[in-house]
Amino acid sequence: MIDPRFLRNQPQEVARLLARRGFCLDVEALKALEARRKTAQKQTEDLQASRNARAKAIGGAKARGEEVATLMAGEEDDAKRLALAQAELASVLAAWDELAAGLPNIPAEDVPDGAGEADNVEIRRWGQEPAFAFTARDHVDLGEGLRGLDLAAAAKLAGSRFAVLRAGLARLQRALIQFMLDLHTREHGYTEVYVPYMANRDSLFGTGQLPKFSEDLFAIAGQPYFLIPTAEVPVTNLARDMVYARAELPLRFVCHTPCFRSEAGAAGRDTRGLIRQHQFEKVELVQIVAPEDSARAHEELTGHAEAVLQRLGLPYRVMALCAGDMGFASAKTYDLEVYLPGSSRYREISSCSNFRDFQARRLNARARTPGQKPELVHTLNGSGLAVGRTLVAVLENYQEEDGGVRIPEALVGYMGGETRLASDA
RNA sequence: GGAGAGAUGGCCGAGUCGGUCGAAGGCGCUCCCCUGCUAAGGGAGUAUGGGGUCAAAAACUCCAUCGAGGGUUCGAAUCCCUCUCUCUCCGCCA
């Protein structure tokens with residue numbers, strides 16, 4: 001949520017900033033609504049004040065044993081006027097909330113201009129793209145050759161965009177998860193958390209998935225729950241309605257969960273393989289920090305995600321998303337894109353965002369310096385990493401001519417000492 | 001699933017027959033005093049959100065909030081209804 005005072009007092013400035021991301025704010029409608037709000041609120045509060053004064057006078061008179069009937073005369077009329085004023089105010093506020101809840105975050109000053117993916121800016125690159133003396137296979141061919149990937153079985157069990165992993169591949173995915181969790185907890189100072197894989201409306205509103213993006217979610221029929229599209233939702237919501245002591249911050253959480261996405265808008269895209277699934281594993285990094293620390297924390301968190309790729313020896317590049325390509329709640333986002341030899345292109349494997357106070361305001365997540373008023377915290381998160389896509393990257397980058405796949409050194413310990421998955425293709 | 005108890009400020013906890021209760025008391029925190037320092041002690045202050053005067057700060061003032069939502073009433077933390085959550089016992093269960 002954008003600071004409502006900023007929105008009220010400087011709507012044209014907000015409109016200018018949101019225009020950077022291609023969002024059109026109707027300033028005139030906003031001003032009209034604000035004018036109505038002001039009148040309705042003033043009137044309601046004045047009527048409430050006189051009602052309160054009258055009630056107080058009656059109470060005082062009764063306490064002194066005085067006659068009260070004259071004080072109570074004429075009350076009914078006021079009560080009607082108050083009810084009307086309250087109804088008007090409630091409808092204005094509801095309209096305001098709906099409008100405000102639908103506004104995306106204001107892009108940070110240093111976010112590049114641009115309308116879409118093509119305008120994202122490469123910040124840096126790491127690693128060497130592998131040069132194979134043979135034609136590189138993609139992860140589907142490799143996985144099937146290893147008898148570890150069974151998409152047909154998954155289609156039978158559930159449908160398209162699901163996967164069954166077996167044997168070495170199933171273990172490799174588990175190894176990746178363990179490796180990432182250990183790295184972030186041991187070396188990057190994160191606390192591991194385990195959370196529900198379903199979340200309620202309040203939680204999804206807090207992080208920004210609701211009310212606008214419900215079609216991206218799986219809802220549980222007959223229950224007030226949604227399957228989480230990312231651990232960001234439950235983990236960031238740990239901060240909801242909290243007042244932390246400033247000294248407790250920053251909080252750093254790492255969390256492995258499955259993620260569930262309807263991919264409603266992606267029909268026909270990435271239909272082959274593990275790239276875009278209804279269910280995938282992800283290790284997520286979440287930070288709750290003091291406002292002045294969030295820019296630095298964002299760089300650090302991005303570095304923590306990069307460390308995973310570096311330890312695995314996977315080449316990647318860091319992209320600064322342009323204003324038009326950023327997610328709804330983000331003020332600034334870096335995407336990490338890993339190189340996939342199977343398709344000779346870079347694919348998103350992590351998205352690291354600073355939400356500043358946008359989520360915190362929706363969440364009512366605050367921190368207090370002793371003796372001072374609570375202040376909204378800043379929230380950040382990033383994938384560290386998307387495990388399914390990391391599995392794809394390992395298969396494609398570590399493949400050998402016969403269809404076998406070497407195990408990255410960092411994972412050998414997690415694979416019980418195995419150094420290679422052998423293909424029988 | 002059955003029976004019962006509960007939800008009050010940053011935390012704990014009191015709220016009498018509905019009225020002067022945004023709420024006693026304690027802890028914590030902030031400032032001051034005292035002591036050579038520390039500990040102990042004394043004093044004062046300390047909920048959150050929103051509105052108006054005003055574009056902003058200070059100040060003043062008003063409104064809302066005692067789990068959530070409705071209702072009764074001139075007036076609700078207090079009475080009634082619904083819901084949510086927590087706890088205890090019983091049953092069932094990985």
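Naming convention: chains lettered A, B, ... in sequence-line order (proteins, then strands); numbering from 1 in each chain. Just so it is clear, the model here is predicted, and its values are computed rather than measured. Worth knowing before you read on, the calculation uses all heavy atoms, side chains too, and leaves out hydrogens, waters and symmetry mates.
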> Can you tell me the Watson-Crick or wobble partner of C93(B), both distances under 3.5 angstrom?
Replying inline: none

>> Just the rounded figure in Å: distance from C1' of G67(B) to CG of N364(A).
In response: 15 Å

> Does any donor-acceptor pair link the side chain of K62(A) with the base of G19(B) at a separation under 3.5 Å?
Replying inline: yes

> Would you find more than 12 non-hydrogen atoms of other residues, nucleotides or ligands less than 6.0 Å from Y225(A) atom OH?
Replying inline: no

> Is there a Watson-Crick or G-U wobble partner for U88(B) with both distances under 3.5 Å, and if so, which one is it?
Replying inline: A3(B)

> Can you tell me how far P of A47(B) sits from CZ of R368(A), to the nearest Å?
Replying inline: 9 Å

> G49(B), A64(B), U20(B): which one has an atom nearest the side-chain heavy atoms of K373(A)?
Replying inline: G49(B)

>> Which label fits H184(A) and H188(A): parallel for a plane angle under 30°, tilted from 30 to 60°, or perpendicular past 60°?
In response: tilted

>> Can you measure D3(A) atom CG to G49(B) atom P for me and round it to whole angstrom units?
In response: 12 Å

>> Does R147(A), at its CZ atom, have more than 12 non-hydrogen atoms belonging to other residues, nucleotides or ligands within less than 6.0 Å?
In response: no

> Whole-Å distance between C63(B) C1' and L93(A) CG?
Replying inline: 12 Å

>> C62(B), OP1 or OP2 - any side-chain N/O from K42(A) closer than 4.0 Å?
In response: no

>> For the P atoms, the ones on A24(B) and on C11(B), what distance do you get once it is rounded to whole angstrom?
In response: 16 Å

>> Heavy atoms only, 4.0 Å cut-off, all strands: where does N52(A) land among base, sugar-phosphate and nothing?
In response: sugar-phosphate

> Which pair of heavy atoms, one from N105(A) and one from A329(A), lies closest together, and at what distance?
Replying inline: ND2-O, 3.0 Å

> If we take the C1' atom in both C12(B) and C80(B), what is their distance in whole Å?
Replying inline: 30 Å

>> Please report the distance, rounded to the nearest Å, between CZ in R54(A) and P in G75(B).
In response: 9 Å

> Where the side chain of N9(A) is concerned, which of A64(B), A56(B), U48(B) is the nearest nucleotide?
Replying inline: A56(B)

> What is the nucleic acid contact for R5(A), judged by heavy atoms within less than 4.0 Å: base, sugar-phosphate only, or nothing?
Replying inline: sugar-phosphate

> Which pair of non-hydrogen atoms, one from S203(A) and one from N237(A), has the smallest distance, and what is that distance?
Replying inline: O-ND2, 2.8 Å

> To the nearest Å, how far apart are N200(A) CG and A68(B) P?
Replying inline: 16 Å

>> Taking the C1' atom in each of U78(B) and A14(B), what is the distance between them to the nearest angstrom?
In response: 13 Å

>> Suppose you measure atom P in U61(B) against the same atom in G69(B); what distance do you get, rounded to whole Å?
In response: 29 Å

> Between P374(A) and Q41(A), which has a closest nucleotide on RNA chain B that is more 5'?
Replying inline: P374(A)

> Among G19(B), A64(B), G49(B), which is the nearest nucleotide to the side chain of R51(A)?
Replying inline: A64(B)

> P atom, C83(B) versus G4(B): distance in rounded Å?
Replying inline: 15 Å

> What distance, rounded to whole Å, do you find between the two P atoms, one in G71(B) and one in C29(B)?
Replying inline: 44 Å

> Rounded to whole angstroms, how far apart are CD on Q48(A) and P on G75(B)?
Replying inline: 12 Å

>> Quick check with a 6.0 Å cut-off and a 45 degree axis cone: is R174(A) positioned over the face of Y414(A)'s six-membered ring?
In response: no

>> Pairing check on G45(B): which nucleotide meets the Watson-Crick or G-U wobble criteria with it, both distances under 3.5 Å?
In response: C29(B)

> Looking at Y197(A) versus F260(A), is the centre-to-centre ring distance below 6.0 Å?
Replying inline: no

>> Using Watson-Crick or G-U wobble geometry with both distances under 3.5 Å, which nucleotide pairs with A40(B)?
In response: none

>> Tell me which nucleotide, if any, is Watson-Crick or G-U wobble paired with A24(B) when both distances must be under 3.5 Å.
In response: none

> NA contact type, R361(A), heavy-atom cut-off 4.0 Å: base, sugar-phosphate, or nothing?
Replying inline: nothing

> Out of R368(A), R361(A), R246(A), which residue meets the salt bridge (Lys or Arg N to Asp or Glu O under 4.0 Å) rule with E375(A)?
Replying inline: R246(A)

> In Watson-Crick or G-U wobble terms, both distances under 3.5 Å, what is the partner of G18(B)?
Replying inline: none

> Counting only Watson-Crick or G-U wobble pairs whose two distances fall under 3.5 Å, which nucleotide matches U53(B)?
Replying inline: A59(B)

>> If I pick the C1' atom on U30(B) and the same atom on G49(B), what distance separates them, to the nearest angstrom?
In response: 22 Å

>> I need the CZ-P distance between F205(A) and A68(B), as an integer number of Å.
In response: 18 Å

> When you compare C81(B) with C27(B), how far apart are their C1' atoms, in angstrom units rounded to a whole number?
Replying inline: 37 Å

>> Side chain of A49(A), heavy atoms from C-beta onward: which of G52(B), C62(B), U48(B) has the nearest atom to it?
In response: C62(B)

>> Both distances below 3.5 Å, Watson-Crick or wobble geometry, any strand: find the nucleotide opposite C34(B).
In response: none

>> Go nucleotide by nucleotide along RNA chain B from the 5' end; which of E45(A) and T369(A) gets its closest nucleotide reached first?
In response: T369(A)

